[in-house]
Number of protein chains: 2
Amino acid sequence: MQRMTRQRTAVSELLAGTEDFRSAQQLHEMLRERGHSVGLATVYRTMQALAEAGDVDVLRGAEGEALYRQCQRTSHHHHLVCRECGRTVEIDSASVERWAAAVGDAHDFIDVEHTAELFGTCAACAARTGR
Amino acid sequence: MQRMTRQRTAVSELLAGTEDFRSAQQLHEMLRERGHSVGLATVYRTMQALAEAGDVDVLRGAEGEALYRQCQRTSHHHHLVCRECGRTVEIDSASVERWAAAVGDAHDFIDVEHTAELFGTCAACAARTGR
DNA sequence: TTATCTGCAAACATTTTGCAGCGAG
DNA sequence: CTCGCTGCAAAATGTTTGCAGATAA
């Protein structure tokens, strides 16, 4: 029910070789640069499908656009993203999970989900931009 | 440098009487219903100014739109939002702050900030929608 | 063959901006 | 009187969708 087309293959390969979070528009541009011609709508549709299948992580940038990334872990986790260069570290945090569950319980909420992302400046960028 | 106009007053009053996160469009509609006529662009501009001044909290909804709310606390905190009715509880969480700081340190990131929001279904909505 | 997928362009939703006129200070 | 503020409509973004033709299975 999910066909492996030339376009899907190109997107998968691109994601496999990309470490950081990218918007659909950026991915589309990157594909273009590499000679693959894939329609923007197709990129959107593909990323939507991948996100739904849990094959990529989605997070919202500061301006509200969707950013995608193929993650190493398949399970739930969070990210520490460098605001300068976009370098991303995956964080596995039991303490946040416990916190979320406890807060939900305390206020009688059910089916509690959460988002938690960290943004900072990595050591390399801190050194480069002069502390 | 910041003039107190009829529109600004209307927005402030509306926010003072609203508990939950609302989008600029929703606020605009609410103002209209109460007989105040305020342009949509003005609502956007006003909310932007209030957010910048730290008088309201901003968070991104699931579809990426900006949601605003006048919060009780002036200090840093998080939210537990009901995905059905929008009811919001403010959470003050030392454990998340500690977690964020520790993770940042461990990976040599500086100036680490974080976002963390909880979404769930409140007891009232769970009962109403049949468990 | 045939149900999916794709590209394109049009449609949408949200937010921003240009500009002439209004009005708070 | 003056500049900031407002409304309106146009524009800019980011994303979705309708449809005819292409294509994987």
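Every chain is numbered from 1 and lettered A, B, ... according to where its sequence line falls, protein lines coming before strand lines.
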Exercise. Write down the distance between CZ (Arg8(A)) and P (dT6(C)), rounded to a whole number of angstrom.
Key: 5 Å

Exercise. State plainly whether the residues Arg34(A) and Glu13(A) are in salt-bridge range, i.e. N to O under 4.0 Å.
Key: no

Practice problem: Please state how far atom CZ in Arg45(A) lies from atom P in dG18(D), giving the value in whole angstrom units. | Solution: 10 Å

Exercise. Find the distance Met47(B):CE to dT6(D):P and express it as a whole number of Å.
Key: 13 Å

Self-check item: Residue Ala41(A), side-chain heavy atoms: nucleotide from dG23(C), dG14(D), dT17(D) that is nearest
Solution: dT17(D)

Quiz item: Considering only dT15(D), dT6(C), dA25(D), which nucleotide approaches the side chain of Arg60(A) most closely?
Solution: dT15(D)

Quiz item: Which of these nucleotides, dT15(C), dT6(D), dT15(D), is closest to any side-chain atom of Glu65(B)?
Solution: dT15(C)

Quiz item: Can you tell me how far P of dT16(C) sits from CG of Leu40(B), to the nearest Å?
Solution: 10 Å

Quiz item: Would you call Arg22(B) and Glu29(B) a salt bridge, using N to O less than 4.0 angstrom?
Solution: no

Self-check item: Spatial distance of atom NE2 (His28(A)) from atom OG1 (Thr46(A)) [nearest 0.5 Å]
Solution: 11.0 Å

Self-check item: Value in whole Å for how far the C1' atom of dA13(C) lies from CD of Glu29(B)
Solution: 16 Å

Self-check item: Atom-to-atom span, CE of Met4(A) to P of dA24(D) - whole angstrom
Solution: 12 Å

Quiz item: When the distance from CG of Leu50(B) to P of dC5(D) is rounded to whole Å, what number comes out?
Solution: 12 Å

Quiz item: Quick one: Glu63(A) CD to dT16(C) P, roughly how many Å, whole number?
Solution: 10 Å

Exercise. Could you pick out which residue, Arg6(B) or Leu67(B), lies toward the 5' side of DNA chain C when each is mapped onto its nearest nucleotide?
Key: Leu67(B)

